[in-house]
2 protein chains.
Amino acid sequence: MSGFKRVEPIRIPVPQLNQHHRHVLIRKLDRLIPLAEIDASALANLSVGMRQVGPRTDLLHEGDTPDEVILMLDGFAARCKFQPTGKRQILAHLLPGDLCEPDAGYLSRLDFSVCTLSACMVAFISRRALASTLERYPATAHALRLVKLQEEAISREWLVNVGCRSALERMAHLLCELLVRLQAVGFATRDGYGLPITQQDLGDTLGLSNVHVNRTLKVMRDQNLVEWRGRQLKILDLSRLQVIAAFKLGYLHSTAGHDILAQ
Amino acid sequence: MSGFKRVEPIRIPVPQLNQHHRHVLIRKLDRLIPLAEIDASALANLSVGMRQVGPRTDLLHEGDTPDEVILMLDGFAARCKFQPTGKRQILAHLLPGDLCEPDAGYLSRLDFSVCTLSACMVAFISRRALASTLERYPATAHALRLVKLQEEAISREWLVNVGCRSALERMAHLLCELLVRLQAVGFATRDGYGLPITQQDLGDTLGLSNVHVNRTLKVMRDQNLVEWRGRQLKILDLSRLQVIAAFKLGYLHSTAGHDILAQ
DNA sequence: TAACTACAATATCATTTGTCATATTTCTAA
DNA sequence: TTAGAAATATGACAAATGATATTGTAGTTA
């Protein structure tokens, strides 16, 4: 739960936002509530500045009042809180299709940072442009409110995770959650996904030491639950993983995952 | 983290909402953002049904879609998630002046319950009446958004609590948080407050067993940090408690506590 | 008052998880 | 291609926390 550095963002400009990237957010919203064509194209037409950002880089600093909203296009980022002791708690994972922080601005300063875990492709959307789109397209605004509610449900589940569950259960639960969330945006197959983060990152997410994360992964490997090599996670026995995690699909309010997971 | 029962609410009607109770919410909002007289009286004029509710009683059930908002007037309640194993995680404490759940309704069903911990005095506000007040009084609506942001900041701090801090640190942090929040509504003195909950409740809040809560309290007693007798908590050494907790006042965004706590 | 109940206090023992140390492997950059 | 850095793997041990059992205490009900 320690031993990481803080690095300034090096933004490498990238010329063109392609169709694949542009529609990640739309795909995600569509899993929560069917989106009319007009709302989808309103979102697609939001002008963005796209950037490639390296791993372990701050996208937003604690104390910032960001004037742009960041749309994740590829890679893993996280909301983090750093402790005076050097410990770090990850508050949320930001996956492709996720926005941060659309609701900042009411209170002056962020009380957490947003850091990339892997290399990421992100888009910067002007807060004003987004606000005006949401005013003109109420269905889109509603969809973003649903996203917010989903995020809150995930946060609650994370508190249950660290408060009530064993290391193995926590890990299993997180892996199930990531499967469903990544499937919703087309970043996972039926039985696996790219998981380009470190065991330390997992530990800071689950409230475990990196050593214990490693131990827990070994147990999972030995039990033929998952395989994790070269940043690629393969789930070998999803139904058993779900039982261990006591994972209930419902809290995500998404139509993803229903074909492979029990309710 | 187990051994509790679920009880149906027995609502004892109480005839009259008095001035003291009526203004708990207003007092709380005023600590976040100064409230104009017109907004205060708009809130004061919301008609409510007031009830006395016993301890260990469900105010809202998981799966409900509540059509009333509950305003806490006195006592302690909590948002709870129950696990299949029988464990319970408390997600948030609801104190006098707190509302639950003003934002429900977008998504169909609650994924948690709201239970009283102590005997409580609560007021039921019609969701429609509240919505119409908020439409007519935008400053009040803004104040409630700030409340929401404060609640989210508290949730983040709770995740840090269980994820990063030792039992002693967790407990110290929670006791500091409760001091500030209760002071904001006039339910705490400079050095103490009524804490009418059990050690089991504390454990379910902090992700600890009731036995370990007891152990931790003994350490605090032995170190002359706090005294807790007869449901009354007395803080003997606030500054040391704050240091142990690494408690930063800022995240609550309230004007309460500044006179007795370091920044 | 007596009996009952919930809560608190505490001892003992078991288990989980953290810490430290050290290889080993993989990745990265010169 | 190689040297160095970062990440992973693993063992040994320590510390924190959980589980169980027992007793005490205060409040409640009959």
Side-chain angles (χ1 to χ4, degrees), chain A residues 1-5 7 10 54-57 76 83 85-89 117-119 161-171 195-222 226-233 244, chain B residues 1-7 54-57 76 83 85-89 116-119 161-172 195-222 226-233 244:
Chain A
M1 218 178 290
S2 61
F4 43 81
K5 59 199 179 189
V7 191
I10 302 165
R56 322 251 124 211
T57 305
F76 275 54
Q83 295 308 106
T85 57
K87 291 181 178 176
R88 172 180 72 159
Q89 177 65 42
L117 302 179
S118 69
N161 230 12
V162 288
C164 292
R165 293 199 258 253
S166 72
L168 184 69
E169 293 164 344
R170 289 180 215 188
M171 184 83 73
L195 185 59
I197 69 178
T198 68
Q199 295 183 2
Q200 177 74 60
D201 294 331
L202 270 182
D204 292 349
T205 301
L206 300 172
L208 298 171
S209 68
N210 56 349
V211 176
H212 202 65
V213 166
N214 188 287
R215 273 198 282 256
T216 306
L217 286 170
K218 179 172 167 55
V219 171
M220 290 187 142
R221 246 183 346 238
D222 292 349
V226 304
E227 231 171 49
W228 187 22
R229 295 161 49 92
R231 307 185 159 182
Q232 196 64 28
L233 183 86
I244 290 170
Chain B
M1 217 178 294
S2 61
F4 43 82
K5 60 200 179 191
R6 303 206 196 183
V7 191
R56 320 252 126 213
T57 305
F76 275 54
Q83 296 307 107
T85 58
K87 292 182 179 177
R88 172 180 70 156
Q89 177 64 42
T116 60
L117 303 179
S118 69
N161 231 12
V162 287
C164 291
R165 293 200 258 253
S166 71
L168 184 69
E169 293 165 344
R170 287 180 217 189
M171 183 83 73
L195 185 61
I197 69 178
T198 68
Q199 296 183 359
Q200 178 75 59
D201 294 331
L202 270 183
D204 293 348
T205 302
L206 300 172
L208 298 171
S209 67
N210 56 350
V211 176
H212 202 65
V213 166
N214 189 288
R215 272 198 281 257
T216 306
L217 287 170
K218 179 173 168 55
V219 170
M220 289 187 142
R221 250 189 336 249
D222 292 349
V226 303
E227 232 172 47
W228 187 21
R229 294 160 52 92
R231 306 185 161 184
Q232 195 65 28
L233 181 85
I244 290 170

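First the proteins, then the strands, lettered A, B, ... as listed; each starts at 1.
Expressed to the nearest 0.5 Å, how far CG of A:L117 lies from OG1 of A:T205 amounts to 7.0 Å. Atom-to-atom distance recorded for B:Q199:CD and B:N210:CG is 7.5 Å, nearest 0.5 angstrom.
Following rounding to the nearest Å, B:R56 (CZ) and C:dT5 (P) show an atom-to-atom distance of 17 Å. The CG-P distance, from A:D204 to D:dA7, rounds to 12 Å in whole Å. The distance between atom CD of A:Q200 and atom C1' of D:dT8, rounded to the nearest whole Å, is 12 Å. Counting to the nearest Å, the C1' atom of C:dT17 and the CG atom of A:L206 are 13 Å from each other. With rounding to whole Å, A:D201 atom CG is found 13 Å from D:dT8 atom C1'. For the pair B:I197 CD1 and C:dC7 P, the computed distance is 12 Å after rounding to whole Å. For the pair A:L195 CG and D:dA7 P, the interatomic distance rounds to 14 Å; values are reported in whole Å. Look at CG on B:L202: it is 15 Å from C1' on C:dA9, rounded to the nearest Å.
Candidate nucleotides D:dA9, D:dA19, C:dC20 were compared by shortest atom distance to the side chain of A:V211, and C:dC20 ranks first.
For A:E169, the side chain to side chain contact (heavy atoms under 4.5 Å, CB included) test picks out A:R165, A:S166, A:I244, with sequence neighbours left out. By the side chain to side chain contact (heavy atoms under 4.5 Å, CB included) test, B:T216 pairs with B:A167, B:L168, B:M171, B:H212, sequence neighbours left out. With sequence neighbours excluded, no residue forms a side-chain hydrogen bond (donor to acceptor under 3.5 Å, both in side chains) with B:T116.
Between the side chain of B:T57 and the backbone N or O of B:P55 there is at least one donor-acceptor pair closer than 3.5 Å. A donor-acceptor pair under 3.5 Å links the side-chain atoms of A:D201 to the main chain of A:T198, judged by distance alone.
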Where do N or O atoms of nucleotides 13-17 of chain D meet protein N or O atoms at under 3.5 Å, pair by pair?
residue, atom, partner, partner atom, Å
D:dT17, OP1, B:A167, N, 3.3
D:dT17, OP2, B:H212, NE2, 3.3

Please list each protein N or O that sits under 3.5 Å from an N or O in nucleotides 24-30 of chain D, with the distance.
none

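B:L206 has its side chain within reach of B:N161: a pair of non-hydrogen atoms, C-beta onward, lies under 4.5 Å apart. Taking the side chain as every heavy atom from C-beta outward, B:R170 and B:L202 never approach each other to under 4.5 Å.
Between its two ends, the helix from C:dT1-D:dA30 to C:dA30-D:dT1 turns its axis by 50°, counting five pairs per end and rounding to 10 degrees.
Between B:S118 and B:F76, the shortest heavy-atom distance links the atoms OG-N, 2.9 Å.
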Check the pair B:Q89, A:V162 against side-chain contact (heavy atoms from CB on, under 4.5 Å), reporting the backbone distance first and the verdict last.
CA-CA 10 Å; B:Q89 177 64 42; A:V162 288; over 6 Å; no
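Between A:N214 and D:dT8 there is no side-chain N or O to OP1 or OP2 distance below 4.0 Å. The side chain of A:Q199 places an N or O atom within less than 4.0 Å of a non-bridging phosphate oxygen (OP1 or OP2) of D:dA9.
Mapping A:V213 and A:G230 onto DNA chain C by nearest heavy atom places A:V213 closer to the 5' end of the strand.
Within the 4.0 angstrom heavy-atom criterion, no nucleotide atom of any strand lies near A:R229. Across all strands shown, B:R231 has no heavy atoms under 4.0 Å from either base or sugar-phosphate atoms.
Applying the salt bridge (Lys or Arg N to Asp or Glu O under 4.0 Å) definition to pairs two or more places apart or across chains, those involving residues 208-222 of chain A are A:K218-A:D222.
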